[in-house]
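Heads up: the structure comes next, in structure tokens.
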Amino acid sequence: MKTLAALPKQTSAPAKLISPSTAARTPTRIAPAVSTESQFVPLIHASKVVLHLRQIHAQILLQGFSWSSLLATQLVSASSLRNAIDYSISVFSQYHPKNVFLFNALIRGLVKNARFEVALSHFVLMLRSDARPDRMTYPFVLKSTAQLFLRRLAGELHCMIFKTGVELDSFVEVSLADMYVKIEELGYALKVFDESPHRLDSRSTLLWNVLINGCCKKGDIVKAMELFHTMPGRGIKPDEVVFLALLTACTHAGQVDLGLNIFDSMRLDYQIDPSMKHYSLIVDLLGRAGRLNEALKFIEEMPINPDLVIWGTLFCACRAHKNVEIAEFAVTKLLELEPKHPGSYVFLSNAYAAVGRWEDAERVRSSMQDKGVGKGPGWSHVEVDGQVHRFVAGDNAHHKDANEIHQKLEEIMSGARKQGYMPGTEWVLHNIEEEEKEDALGSHSEKLALAFALIQTSPKTAPIRIVKNLRICGDCHSLMKYASIMSQREIIVRDIKRFHHFKDGTCSCGDYW
DNA sequence: CTAGGGTTAG
């Protein structure tokens, strides 16, 4: 099959294509390119499946001369949004020369599909090409950098934006601030915020949310509340998202009453209807603090029907506080919801296991795998010398340093045991998503990442920074503390909820998270 | 004459 690159380009040979002799022989080919393009664009947008896109692609190929970067861009963009990122990459690589639109479409698609490393490598290709990154490029590049915790690149990108005079519109600013939040440089995030001409725009709620969320993630609820309270005075209307951040922070800080006040204020002072997420945060807030009866009462008085997350949250709280009675009630409710909610498997399986119904637990677990509804494996990554290394729970066999990592892990664990570390088997059953198989405890992805980083980096250098896609489990949390003592290193884990700083045997979250 | 965008939480 001919590749797109091999086809004559419309701009390079127009004279030849419309010459009378050519036109006479191939009359269908003299239609103006513009009309051909405009004919394809809506088709691409209307395509629901990748197969359609491939058919359109083939059709465009048949009319080779009207192939344009616009169509290529549309194809790349449409296929990436339909979960066919590999097809996007192949269209992208076939079209030359690549302009800024094409690069942007691909980078955006890669980010939407969580292929952050690949997104960054295409950004590098872009820098080496004639296409110059613009204000549409940076939000995605910044997002990738943030996700991968690449602190050095973060600064370089900010410089690049500044030096090349890319317009700092509110999108770029939000992305910049959020990147600094995610790499835990709250000071820089605040600087971006303070210098933003958009921050007092009534539509700048997002920028405020990013900052407040940053404070919450770091555990600085005082600063978060301070920022929050300055919003109305500046004409910024808090939205439902900022309350999610604040309530989560209250839960992590054990500030139950503050959280309840914020929840009331959200409804009464700001007229925001709580969503299911807000309700489950309150259940978590009460539950974690051991106020289980109140949590139950709260659920029963909710104006909407509690979903499985709510019952699952209550169930986890009951287990932590060893309240069998309410736990069983929560399990009953979870069972009632089972047929309707394909996402309930993790909770349900744990609930069965907790009441000793191992066969049911196993049945749920395997049907979860059959239907492919698992939340995906836990993974962690860690950066060493600018390279991102990713680890998946229980599976480091393919890693080239698998033996060394395993050995190092053994060494850490036995050292920790001497200092009082007890492998926390209760976490095997805890609802920390997918990683709870017994043998997986010793090979959780964050442990693998830690061992790898300790091998690869020399003592007393920069902190080890690990990113984890789920919440860190209690056993790993405990081991990290011992590891921070033995290695004399600072270890930072950014999990899905917040930052954990391990130093000299303690964690910044105060073990309540 | 020009396609494409940011916060919770993947």
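Below, each value reflects all heavy atoms present in this structure, side chains not excepted, and no hydrogens, waters or symmetry copies. Every chain is numbered from 1 and lettered A, B, ... according to where its sequence line falls, protein lines coming before strand lines.
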> Of the candidate nucleotides B:dG6, B:dA3, B:dT8, which contains the atom at the shortest distance from the side chain of A:Ser170?
Replying inline: B:dG6
>> Taking 4.0 Å as the cut-off, does a side-chain nitrogen or oxygen of A:Lys468 come that near to OP1 or OP2 on B:dG10?
In response: no
> Hey, does the side chain of A:Ser47 reach the backbone of A:Val49 with a donor-acceptor pair shorter than 3.5 angstrom?
Replying inline: no
> B:dT8, B:dA3, B:dG6: which one has an atom nearest the side-chain heavy atoms of A:Phe140?
Replying inline: B:dG6
> Taking CZ from A:Arg135 and C1' from B:dG6, how many angstroms apart are they, rounded to a whole number?
Replying inline: 13 Å
>> So A:Asp134, base contact, sugar-phosphate only, or nothing? Heavy-atom distance under 4.0 Å.
In response: base
>> Can you work out whether A:Lys182 or A:Met136 has the more 5'-proximal nearest nucleotide on DNA chain B?
In response: A:Met136
> Can you tell me how far C1' of B:dG6 sits from CG of A:Asp239, to the nearest Å?
Replying inline: 13 Å
> Does the side chain of A:Lys217 get closer than 4.0 angstrom to OP1 or OP2 of B:dT7 through an N or O atom?
Replying inline: no
>> Working to the nearest 0.5 angstrom, can you tell me the gap between A:Ile56 CD1 and A:Leu75 CG?
In response: 7.0 Å
>> In this structure, how many angstroms lie between the C1' atom of B:dT8 and the CD1 atom of A:Ile282, rounded?
In response: 15 Å
>> Could you tell me how far B:dG6 sits from B:dG10 if I compare only their P atoms? Round to whole Å.
In response: 13 Å
> Picking from B:dT7, B:dT8, B:dG5, which would you name as closest to the side chain of A:Val172?
Replying inline: B:dG5
>> Tell me the interatomic distance from A:Leu211, atom CG, to B:dT8, atom P, rounded to whole angstroms.
In response: 13 Å
> Within this structure, what is the CZ-to-P distance between A:Phe116 and B:dG10, rounded to whole angstrom?
Replying inline: 7 Å
> Do the two ring centres, one from A:His389 and one from A:His381, sit under 6.0 Å apart?
Replying inline: no
> Do A:Arg54's NZ or CZ and the ring of A:Tyr87 fall within the cation-pi criteria of under 6.0 Å and 45°?
Replying inline: yes
> Between B:dT2, B:dG5, B:dG6, which one does the side chain of A:Phe101 approach most closely?
Replying inline: B:dT2
>> Using 30° and 60° as the class boundaries, would you call the ring planes of A:Tyr138 and A:Phe123 parallel, tilted or perpendicular?
In response: perpendicular
> Per the atom types in the model, does the base of B:dG6 pair as donor or acceptor with the side chain of A:Asp169 at under 3.5 Å?
Replying inline: no
>> Rounding to an integer number of Å, can you tell me how far A:Arg132 CZ sits from B:dT2 C1'?
In response: 19 Å
> Distance between the C1' atoms of B:dT7 and B:dA3, in whole angstroms?
Replying inline: 25 Å
> Just checking A:Ser69: base, sugar-phosphate only, or nothing, at a heavy-atom cut-off of under 4.0 Å?
Replying inline: base
>> Please report the distance, rounded to the nearest Å, between CG in A:Asn113 and P in B:dG10.
In response: 14 Å
Side-chain donor-acceptor distances from residues 220-239 of chain A under 3.5 Å, at least two apart:
residue: A:Asp220; atom: OD1; partner: A:Lys223; partner atom: N; Å: 3.0
residue: A:Thr230; atom: OG1; partner: A:Leu227; partner atom: O; Å: 2.6
residue: A:Asp239; atom: OD1; partner: A:Asn209; partner atom: ND2; Å: 3.0
residue: A:Asp239; atom: OD1; partner: A:Val241; partner atom: N; Å: 3.2
residue: A:Asp239; atom: OD1; partner: A:Val242; partner atom: N; Å: 3.3
residue: A:Asp239; atom: OD2; partner: A:Asn209; partner atom: ND2; Å: 3.3

>> Strictly below 4.0 Å: does A:Lys497 bring a side-chain N or O up to OP1 or OP2 of B:dG10?
In response: no
> Which one, B:dA3, B:dT7, B:dG6, comes nearest to the side chain of A:Asn209?
Replying inline: B:dT7
> Can you check the A:Asp178 CG to B:dT7 C1' distance for me, whole Å?
Replying inline: 6 Å
> Does any donor-acceptor pair link the side chain of A:Ser77 with the base of B:dA3 at a separation under 3.5 Å?
Replying inline: no
> What nucleotide among B:dT7, B:dG10, B:dG5 has an atom nearest to a side-chain atom of A:Leu206?
Replying inline: B:dT7
> Reckon A:Ile496 touches a base, only the sugar-phosphate, or nothing at all at heavy-atom distances under 4.0 Å?
Replying inline: sugar-phosphate
